[in-house]
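Worksheet: the structure to be examined is printed underneath.
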Amino acid sequence: MNVYIALKKVLFFISVFLCFNAFAQVGGTRAYRFLDIPMTARSAALGGNNMSIWGDDINLIYSNPALLNPTMTKQIALNYSNYVSDLNFGYLASAYSLKEHGTVAASMQFFGYGKFTGYDETGEKTNSFRANDYSLNLTYAKPMGDSLFNIGIALKTIISQYDVYTSVGNALDFGITYHGRKNLVASILVKNVGYIWKGYTSNSKSEALPRNVQLGLSYKIAKAPFRIFFVYDNLLTRNLKYINPLDTIGSSNPFGSTTSKKDSTGWQKFKERSGNRIDNFMRHFTFGTEILLTKNFNLRVAYNYRRQREMTISERRGVNGLSFGFGLRVKRFGFSYSFSKMAFAGNSSVFGVTLSL
């Protein structure tokens, strides 16, 4: 009976939060896009998201607040990356158990864009300035009765400052995770539902946040030393195809072959439409595995199809979208590393350190 009641609550919360995201958009039309960047070594190694993996690693709550649980109590995590050039980002988190009242965690993420030199309208040098984004997060999670469902919510206070321009907003992440007894974990997550209270300019308050709905599954194969997972991203946004903003007549496609209408046959048109549907469907998926070599050491490999398609250039395909890393734990100390192939000429590495007090 408790499981039945929990399921009813799950469906209720999902329906409420999905309504807020019914008009989600993709692309460059939203503010605070730094919230989409994977800032922990574990999430970066797993293709940008680990929202359906249950465990005692506090870094998991970065991807899903419903993964917060009492085993993360008194952990401190720090992640850092020198992203590209002098861009850098980091993530700091700590958790504490309230016993029968649930578990709380505080975290902060930042993205620094470096130092800039200012110029006036005549081209004369003025002052130097920096540009930074911050998100201060408070997370709470609690099991739903005696069931295997865990519910979590994160309140984000977002501060963005570029020279004299400042923006302030709030956002909520809401997730529900089922961690079954047969090594199955399933999660649904609604991210970045909120409001911009103060925009950079008088009319920028109307900008949308990078809202998203994700569905994830992971499964630990019985008697096998690995866990497989997949994440379906942008659940409510069907078309994730990139449209070239310079293509005003629709005659080119930078990420796939095209056939001119007058030269194409019916069969060619059918194959192109089918290929486009499959390609668009696959752009929602990230999948990979954690190879559990020992209790305290594991390897991580993942593939992000959408990243691969968007970072591909016609001259050279490469292995864009591939990411890998490892996690090592020695007593109270943990270390993680990830490497992500973003584009032919650009890579990203994230380092993470965890301490159990």
Under the criterion side-chain contact (heavy atoms from CB on, under 4.5 Å), I'd like the reasoning laid out for Val193 against Phe174: C-alpha separation, chi angles, the key distance, then a yes or no. CA-CA 9 Å; Val193 178; Phe174 175 81; over 6 Å; no
Keeping the roles fixed (side chain from [X], backbone from [Y]), state whether a donor-acceptor pair exists under 3.5 Å.
| X | Y | result |
| --- | --- | --- |
| Ser167 | Lys198 | yes |
| Thr286 | Asn304 | no |
| Ser43 | Thr40 | yes |
| Asp233 | Phe285 | no |
| Ser94 | Gln75 | yes |

Determine the interplanar angle of the Tyr232 and His284 rings, folded into 0 to 90°, and report it as parallel if under 30°, tilted if 30 to 60°, perpendicular if over 60°. parallel
How many angstroms lie between atom [atom1] of [X] and atom [atom2] of [Y], to the nearest 0.5 angstrom?
| X | Y | atom1 | atom2 | result |
| --- | --- | --- | --- | --- |
| His179 | Leu184 | NE2 | CG | 11.5 Å |
| Leu293 | Leu328 | CG | CG | 11.0 Å |
| Arg277 | Asn280 | CZ | CG | 10.5 Å |
| Leu68 | Ile61 | CG | CD1 | 5.5 Å |
| Tyr195 | Leu172 | OH | CG | 15.0 Å |
| Ser81 | Phe351 | OG | CZ | 8.0 Å |

Check side chain to side chain contact (heavy atoms under 4.5 Å, CB included) between Asn298 and all other residues, then give those that pass, not counting sequence neighbours. Glu290, Leu292, Arg300
Considering residues at least two apart in sequence or located in another chain, which fulfil the ring pair (Phe, Tyr, Trp, His ring centres under 6.0 Å) criterion with [X]?
| X | answer |
| --- | --- |
| Phe287 | Tyr303 |
| Phe226 | none |
| Tyr32 | none |
| Phe110 | none |

Apply side-chain hydrogen bond (donor to acceptor under 3.5 Å, both in side chains) to residues Ser187 and Thr177 and explain how you reach the verdict. CA-CA 4 Å; Ser187 294; Thr177 294; 2.7 Å; yes
Which atom pairs, donor and acceptor, lie under 3.5 Å between side-chain atoms of residues 215-224 and protein residues at least two apart or in another chain?
unit_1	atom_1	unit_2	atom_2	d
Ser218	OG	Ser52	O	2.5
Lys220	NZ	Ala224	O	2.6

May I have the step-by-step check of side-chain hydrogen bond (donor to acceptor under 3.5 Å, both in side chains) for Ser63 and Asn50, ending in yes or no? CA-CA 6 Å; Ser63 296; Asn50 53 4; 2.4 Å; yes
Just to verify, what does Asn59 make a side-chain hydrogen bond (donor to acceptor under 3.5 Å, both in side chains) with, not counting sequence neighbours? Asp57, Asn79, Thr354
Minimum heavy-atom separation for Lys142 and Gly102, please, with both atom names. CG-CA, 4.1 Å
Flag yes if Leu299 and Tyr337 sit in one hydrophobic cluster, no otherwise; membership is Ile, Leu, Val, Met, Phe, Trp, Tyr, and two members link when side-chain heavy atoms are under 4.5 Å apart. yes
Picking from Asn170, Leu209, Val168, Ile196, what satisfies side-chain contact (heavy atoms from CB on, under 4.5 Å) with Ile158? Leu209
Side-chain heavy-atom pair [X], [Y] within 4.5 angstrom cut-off:
| X | Y | value |
| --- | --- | --- |
| Leu236 | Arg211 | no |
| Gln214 | Ile188 | no |
| Tyr83 | Phe111 | yes |
| Tyr200 | Tyr162 | yes |
| Met72 | Thr103 | no |

Which residue pairs satisfy the salt bridge (charged side-chain N to carboxylate O under 4.0 Å, His left out) criterion with at least one member in residues 324-337, sequence neighbours excluded? Asp56-Arg329
Could you list all the salt bridge (charged side-chain N to carboxylate O under 4.0 Å, His left out) pairs where at least one residue sits in residues 156-171, not counting sequence neighbours? Lys156-Asp173
Quiz: residues 134-141 side-chain donor-acceptor pairs under 3.5 angstrom, not counting sequence neighbours:
unit_1	atom_1	unit_2	atom_2	d
Ser135	OG	Asn137	OD1	2.6
Asn137	ND2	Ser107	OG	3.2
Asn137	ND2	Gln109	OE1	3.2
Tyr140	OH	His101	O	2.3

Under the 4.5 Å side-chain heavy-atom rule for ILVMFWY, direct or indirect, which residues accompany Leu92? Ile76, Leu78, Leu355, Leu357
Take a 6.0 Å sphere around OH of Tyr165 and say whether it holds more than 12 heavy atoms from other residues, nucleotides or ligands. no
Tyr96 OH: over 12 foreign heavy atoms closer than 6.0 Å: no
Side-chain H-bond candidate by donor/acceptor type, Asn69 with Asn150, under 3.5 Å: no
Distance only, no hydrogens: is a donor on one side chain within 3.5 Å (strictly under) of an acceptor on the other, for Gln308 and Asn320? no
Tyr305 and Asp279: CA distance, side-chain angles, deciding distance, side-chain hydrogen bond (donor to acceptor under 3.5 Å, both in side chains) verdict: CA-CA 9 Å; Tyr305 181 87; Asp279 174 69; 2.7 Å; yes
If you look only at pairs with a residue in residues 110-120, which of them pass as a side chain to side chain donor-acceptor pair (under 3.5 Å), with sequence neighbours excluded? Tyr113-Asp133, Asp120-Thr122
